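Position 1 is the first residue of the sequence, and the numbers go up from there. What you see below is based on every heavy atom in this structure, not just the backbone, and it leaves out hydrogens, waters and symmetry mates. Small disclaimer: the values here were computed from a predicted structure and weren't measured.
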Amino acid sequence: MSNRIVVDPVTRIEGHLRVQAVLGDDGKLADAYSTGTMWRGLEVILKGRDPRDAWAFVERICGVCTGIHALAAVRSVEDAVGWKIPKNANIIRNLINATLYTQDHVTHFYQLHALDWVDVVSALSADPRETAAIQAKISPHHQFASVGYFSDIQRRLKDFVATGQLSIFKNGYWGHAAMKLPPAVNLLATAHYLEALDFQREVIKVHTILGGKNPHPNYLCGGVPCPINVHDSGAAGNGLNEVTLNYIRDIAKMAIEFVNNVYIPDLKAIASFYPEWTKVGGYKNFLCFGDFPEIENVWDNKSLQMPMGAVLNGDINNVMPVNPRDVNEIQEFVDHSWFRYADGKKGLHPWQGDTIPQYELPKGAEGTKTKFSWLTTDGKYTWVKAPRWKGHCMEVGPLARLAVGIGLGVDWIKEPALALLKELDLPLEAAFSTLGRTAARGLETIWTSQKMLQYVNDLTANIKAGDEAAANMDKWEPSTWPKECRGVGLCEAPRGALGHWCVIKDGRLANWQAIVPTTWNASPRSDDGQVAPFEATLRGTPIADPVRPVEILRTIHSFDPCLACASHLYTADGKEITKVVSE
């Protein structure tokens with residue numbers, strides 16, 4: 001059937017994702033569905049283990065959203081046993097998280113998403129003088145803006161091409177009809193792509209100081225493992241002191257400068273050439289768990305700088321409260337997932353959840369279990385479970401946070417979003433789209449880079465006031481815990497709402513379940529007709545070239561998928577009707 005499109009694997013993401021789509025006679029996608037093709041079973045691995053060690057296991061779910069699973073894990077255990085953390089620990093956790101956001105969002109825009117919009121090969125024909133002039137116009141304070149600089153970048157690209165090796169730019173959809181940037185802008189974006197690699201190497205040094213390493217910085221139930229030693233003026237190995245605090249402060253200032261002078265101007269410039277993408281890829285339901293509590297041990301919207309809430313049917317004027325502890329509010333289903341429950345089709349809250357694999361091909365699938373060419377939705381077709389909030393599919397991530405933040409009138413979210421829409425002469429509805437999702441991530445990064453600076457200043461002030469406590473060990477011994485207890489650790493990961501639920505019995509883990517952002521977004525459809533974000537947002541998308549469906553990648557990448565998180569086995573892909581190798 002010539003109307004079938006298969007992208008497998010979708011690259012420039014974490015993990016293994018397959019997208020199948022059906023192209024209508026009108027040149028638009030009539031339907032689409034996604035398959036997570038990997039399972040690792042970390043929930044099974046954790047059973048019977050010491051809860052204080054859980055963070056070190058779940059942190060290995062992903063190497064991209066580094067640290068955030070550890071943060072959710074320690075929060076879950078602390079919630080279960082009633083463990084309070086000191087003020088310094090709360091500030092340091094927020095600082096680590098703000099650093100993660102800043103690094104992760106910049107990396108996503110340039111390394112994971114930009115090549116959906118930027119034609120690198122086109123940059124070979126650019127006039128470096130024109131590129132320098134554009135740089136001076138959109139970002140006059142950027143330090144690299146000379147004609148010579150862009151000529152050198154172009155020369156490096158030409159050397160790649162001359163050797164027949166495009167290196168990191170190999171397999172792109174170069175020359176695609178859907179690429180609209182002029183050569184000079186392509187050269188500008190390519191230069192900043194390379195600069196972003198240098199940026200992320202520098203900004204993650206904050207994690208090495210506060211958490212000992214990156215990826216996977218160290219965490220600790222009851223606080224943070226970073227010692228505070230202001231009386232020692234030595235290097236970072238001796239803990240937090242005046243030298244290391246000043247070093248982190250300098251990194252935060254560098255991050256603010258890069259975001260404001262490189263990332264945001266590029267985002268606006270690229271977006272201006274693709275206005276049609278403000279009408280594609282939208283969704284109506286949004287969920288946020290909230291994050292960045294500025295009052296330690298308090299999880300409500302008075303403390304949370306990223307608010308908690310839910311929006312249904314696009315009604316942002318009616319933000320509803322969210323209670324992840326309510327067993328009737330959040331449930332996971334496995335009707336179309338390669339798992340099984342004892343109660344069949346009944347949905348389970350994570351505290352009651354189970355992770356039992358059951359791999360089988362759905363009815364009507366073509367191929368074998370290890371070499372399928374076409375899957376159907378008539379049965380189980382993915383390793384991703386189907387979480388629902390009050391029975392609804394929900395989108396999570398930067399766009400969800402923007403929707404909830406505007407609805408609740410959160411100034412740092414609402415004002416920049418409305419200002420950008422006004423600058424681009426777009427209505428509010430334009431935000432709920434593929435391009436709006438990408439823009440929401442950029443606006444968020446302005447805030448997180450500024451929060452990096454705020455938190456290092458807050459930490460400095462609190463230490464100077466005489467508070468040097470970084471951890472509370474009152475609950476360290478399991479003998480101080482209830483015989484049976486359960487907790488939930490919530491976060492807003494860069495990709496969206498993240499929750500880890502634990503059940504502890506006799507000091508050991510009896511159950512552990514995680515619902516991660518991409519589980520919400522990449523969820524399989526429901527038998528009642530609901531379609532989750534990945535699948536729904538692709539419907540109606542115009543496809544210029546079915547053999548090179550860059551449009552599918554644009555929308556899927558706008559979510560910044562992390563299937564490693566979502567589908568905790570890999571089946572080899574077979575011969576596809578349309579074989580697509582994404583760049």
Ring pair (Phe, Tyr, Trp, His ring centres under 6.0 Å) evaluation trace for Tyr101 with Phe292: CA-CA 11 Å; Tyr101 263 80; Phe292 294 94; 5.5 Å; yes

Trp83 and Trp476 aromatic ring geometry - parallel, tilted or perpendicular at 30°/60° bounds: perpendicular

Trp501 and His349 aromatic ring geometry - parallel, tilted or perpendicular at 30°/60° bounds: perpendicular

I need the minimum non-hydrogen distance between [X] and [Y], along with the two atoms involved.
X      : Y      : result
Phe534 : Leu538 : O-CG, 3.4 Å
Val410 : Gln305 : CG1-O, 4.4 Å
Ala471 : Val224 : CB-O, 4.0 Å
Pro350 : Ile515 : CG-CD1, 3.6 Å
Ala32  : Arg525 : O-NH2, 2.8 Å
Leu399 : Ala431 : CD1-O, 3.2 Å

How many angstroms lie between atom [atom1] of [X] and atom [atom2] of [Y], to the nearest 0.5 angstrom?
X      : Y      : atom1 : atom2 : value
His557 : Thr11  : NE2   : OG1   : 5.5 Å
Leu95  : His207 : CG    : NE2   : 8.0 Å
Leu29  : Ile552 : CG    : CD1   : 5.0 Å
Lys213 : Ile204 : NZ    : CD1   : 12.0 Å
Gln103 : Thr448 : CD    : OG1   : 11.0 Å
Arg539 : Thr541 : CZ    : OG1   : 11.0 Å

Just by distance, do the side chain of [X] and the backbone of [Y] share a donor-acceptor pair under 3.5 Å?
X      : Y      : result
Trp55  : Arg52  : yes
Ser303 : Trp299 : no
Arg75  : His500 : no
Trp389 : Glu329 : no
Asp527 : Asp335 : no
Arg60  : Ala56  : yes
Thr382 : Val384 : yes
Lys380 : Ser337 : yes
Trp481 : Lys475 : yes
His336 : Gly379 : yes

Arg49/Phe57 under side chain to side chain contact (heavy atoms under 4.5 Å, CB included): CA gap, chis, key distance, verdict: CA-CA 10 Å; Arg49 294 190 180 272; Phe57 286 88; 3.5 Å; yes

Would you say that [X] contacts [Y] through its side chain, given a criterion of any heavy-atom pair below 4.5 Å between the two side chains?
X      : Y      : answer
Leu220 : Val74  : no
Leu361 : Tyr381 : no
Leu375 : Pro362 : yes
Ile68  : Asn97  : yes
His108 : Val106 : no
Pro524 : Thr377 : no
Cys393 : Tyr283 : yes
Thr537 : Ile556 : no

So, [X] and [Y]: side-chain donor and acceptor under 3.5 Å apart, yes or no?
X      : Y      : answer
Thr434 : Thr555 : yes
Glu395 : Trp520 : no
His113 : Thr438 : yes
Ser523 : Arg388 : yes
Gln20  : Thr35  : no
Glu294 : Tyr455 : yes

From CA spacing to verdict: side chain to side chain contact (heavy atoms under 4.5 Å, CB included), Phe432, Ile316: CA-CA 11 Å; Phe432 307 115; Ile316 63 172; 4.1 Å; yes

Cation-pi check, Arg437 onto Phe559 ring (under 6.0 Å, within 45° of axis): yes

Lys385 to Phe339, cation-pi by 6.0 Å centre distance and 45° axis angle: yes

Under 4.0 Å between a side-chain nitrogen and a carboxylate oxygen: does that hold for [X] and [Y]?
X      : Y      : result
Lys47  : Asp354 : yes
Lys284 : Asp315 : no
Glu366 : Arg4   : yes
Asp560 : Arg495 : yes
Glu78  : Arg93  : yes

Steps toward side chain to side chain contact (heavy atoms under 4.5 Å, CB included) verdict (Ile504, Leu509): CA-CA 5 Å; Ile504 301 172; Leu509 290 174; 4.0 Å; yes

Stepwise side chain to side chain contact (heavy atoms under 4.5 Å, CB included) test for Glu444 and Trp412: CA-CA 9 Å; Glu444 198 169 73; Trp412 75 263; 4.3 Å; yes

Test ring pair (Phe, Tyr, Trp, His ring centres under 6.0 Å) applied to Phe333 and Tyr341, step by step: CA-CA 9 Å; Phe333 295 81; Tyr341 287 161; 8.2 Å; no

